[in-house]
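Remarks on the structure that follows.
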Amino acid sequence: MKNLLRLLLLSVLLFAPVQWCAAASHDGGNGEVDVKSVIFGHVKDSYEWHLTTVGDRHVAISLPVIIYSRRTGLEIFSSAVFHEQQEYKGFRIAAEGVNEGKIVEHDEFGNESRPILDLSITKNAFALMLNSLLLVVIVLLTARWYRRHDARKEVPGGFVGIMEMMIEMIIDDVIKPNIGATYRRYTPYLLTVFFFIFLSNLMGLIPFFPGGANVTGNIAVTLALAICTFIAVNFFGNKEYYKELFWPDVPTWLKIPVPLMPLIEVFGVFVKPFALTIRLFANIFVGHTALLAFVCIIFITMSVDRYIGTGMTVVSVVFTIFMNFLELLVAFIQAFVFTMLSSVFIGLSQPEHHKNTTDK
Amino acid sequence: MSLLLPDAGLLFWMMLSFGIVFLVLYKYGFPVITSMLEERKKFIDDSLRNAAEANERLARIEEESETILKSARDEQIRLLREAAQTREQLLADAHRKAATEREKMIEEAKVAIRREKDEAIRDVQAQVAELSLSIAEKVIRKELSTDKSRQAYTMELVDEALAVKEDEQ
């Protein structure tokens, strides 16, 4: 019971920054809570990393904006400039429309358009770099243990032990059975993917800096990961794979004169990374949205009635704790599933192995 | 809708950071760990197999020692029996030899006794002959006067000598 109370208190404290942010910036003066802007303000990308609001002051990390525009050429400046003025050198952050929240410029006809290239280090890009750095440090520290110890005589404990357990699990349960004999070539890639997604998911669940960014719930990130798997599948597929792609083992009338089966097969090649992209993105995105929605319930009901609000706060906190545990599970499961599907797709690009087993 | 549209800038940064992370981990991270894990796995497999083999060998050695012990025991019994047999045979031989020796000695003793006896008889005969001669001499010297008495005396002496001789025989 004591532990439960402590957990409740802790979870309220953990969500405190999000709540302050929501209360201060989206109250709108008339008591209405703009849930949509709260949630989307969190799950979408932005040009600065908003940490918290103390009183009327926003505490945020300003991130560099890197833009290449036909009008001005390459422009690099801090996103802090948008605090003082709406527009800087003709660039501004669009308040609404298709490009809402993105930097836009006005061309000579007065039309609003995106610059040619926007390579700004946004909140997600920055979080991405932090996560990457953390991942590199974690794995290299683990590798260092193995360099300094004889693994035949010692078994690591503590953190290295956890890493070893996960690495062994991914290799033995996911990579080996799905890829088969040539699995060694893909092990580093698949392990990197697993730990990258897992770490990013976990960091996303930490509600304050340096976590809290919706990295794996961003479609650009998941698309990049899917492209990497696409490369691993199609650039390293063997002859048998391409033969099955363009001349599958089906009755000839399915291939000539209308190449029905090859078309379906080639279509499938592009559907696979698409499925990977959407699955990871949607799962993490929805998790973050649900968590924030539960927190927002507090402010919505508070603005309606103080007593209902107090009651709902308890319910909301309980649900938020539940969702957090669920998201911890999801963080692992989605990393696991992405790795598993990637290895299944890679395994399908090595069909010789499967043919041998069916021949027996 | 912008949620579902991948942002080019973020895509670029993601590709860059993920690429760098992958390259670094590919070179310095995971191969070290995975090769060590594989080595350990191999080591454990080898150790298990070795232990099983050693166990088997031990069992075989035990079996062998058992058979060796058993054969040694058999050999011991056989040797003991043989020794007993040899002893008995030796004893019997000795007995037989002793018996023949004894018989031989008895035979020799008998021969020697007979020879001694013969010699003794011969001696006695010679003495008798000598005695008869001396008696005859005395008789001749004394009884030369009367024929009758001489004759009777001679006869008496001869009878006596003959009686002695018969007694001896």
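Order of the sequence lines sets the chain letters (A, B, ...), proteins ahead of strands, with each chain counted from 1.
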query = For chain A, which residues of residues 11-24 of chain B have at least one non-hydrogen atom nearer than 4.5 Å to it?
reply = L11(B), F12(B), W13(B), M14(B), M15(B), S17(B), F18(B), V21(B), F22(B), V24(B)
key: Side chain, backbone, both or neither of K42(B) within contact of chain A (heavy atoms, under 4.5 Å)   = neither
query = Heavy atoms, side chains only, cut-off 4.5 Å: are E39(B) and Y146(A) in contact?
reply = no
key: Top contributor to chain B contacts, counting heavy-atom pairs under 4.5 Å, from V43(A), V136(A), L133(A)   = V136(A)
task = Work out which heavy atom in I33(B) is nearest to a heavy atom in V139(A); give both atom names and the distance.
result = CD1-O, 4.2 Å
message = Quick check on I171(A) against chain B: is it the side chain, the backbone, both or neither that has a heavy atom closer than 4.5 Å?
response = side chain
task = For residues L10(B) and A125(A), report the shortest heavy-atom separation together with the two atoms involved.
result = CD1-N, 3.4 Å
query = Contact part of F196(A) toward chain B, heavy-atom cut-off under 4.5 Å: side chain, backbone, both or neither?
reply = side chain
key: Heavy atoms from other residues, nucleotides or ligands near CD of E82(B) exceed 12 (cutoff 6.0 Å)   = yes
task = Check whether N214(A) gets within reach of chain B through its side chain, its backbone, both or neither, counting any heavy atom under 4.5 Å.
result = neither
message = Give me the atom names and distance for the closest heavy-atom approach of L5(B) to I219(A).
response = C-CG2, 3.8 Å
request  = Measure N131(A) against the heavy atoms of chain B and call it side chain, backbone, both or neither at under 4.5 Å.
outcome  = neither
message = Once rounded to the nearest 0.5 Å, what's the spacing between atom CG of L4(B) and atom CG of L223(A)?
response = 11.5 Å
inquiry  = Which one wins on heavy-atom pair count under 4.5 Å against chain A: F30(B), F43(B), Y28(B), Y26(B)?
reply    = F30(B)
request  = Using non-hydrogen atoms and a 4.5 Å limit, figure out which bit of V155(A) sits close to chain B: side chain, backbone, both or neither.
outcome  = both
Over 12 non-hydrogen atoms of neighbours within 6.0 angstrom of CZ in R114(A) = yes
message = Against R40(B), only a single residue in K153(A), E154(A), E164(A) fulfils side-chain contact (heavy atoms from CB on, under 4.5 Å); can you say which?
response = E164(A)
request  = Identify which of P31(B), G29(B), S35(B) forms the greatest number of heavy-atom pairs closer than 4.5 Å to chain A.
outcome  = G29(B)
ask   = So what's closer than 4.5 Å to chain B heavy atoms on T122(A): side chain, backbone, both or neither?
value = side chain
remark   = If one checks every heavy atom of S132(A) against chain B at 4.5 Å, the contacting part turns out to be both
task = Output the option from L140(A), D118(A), V221(A), I66(A) having the highest count of non-hydrogen pairs under 4.5 Å with chain B.
result = V221(A)
query = Quick one: are E38(B) and R184(A) in side-chain contact, heavy atoms under 4.5 Å?
reply = yes
task = Taking the side chain as every heavy atom from C-beta outward, state whether T34(B) and L191(A) have any pair of such atoms under 4.5 Å apart.
result = yes
ask   = Got a salt bridge between K44(A) and D7(B), using NZ or NE/NH1/NH2 to carboxylate O under 4.0 Å?
value = no
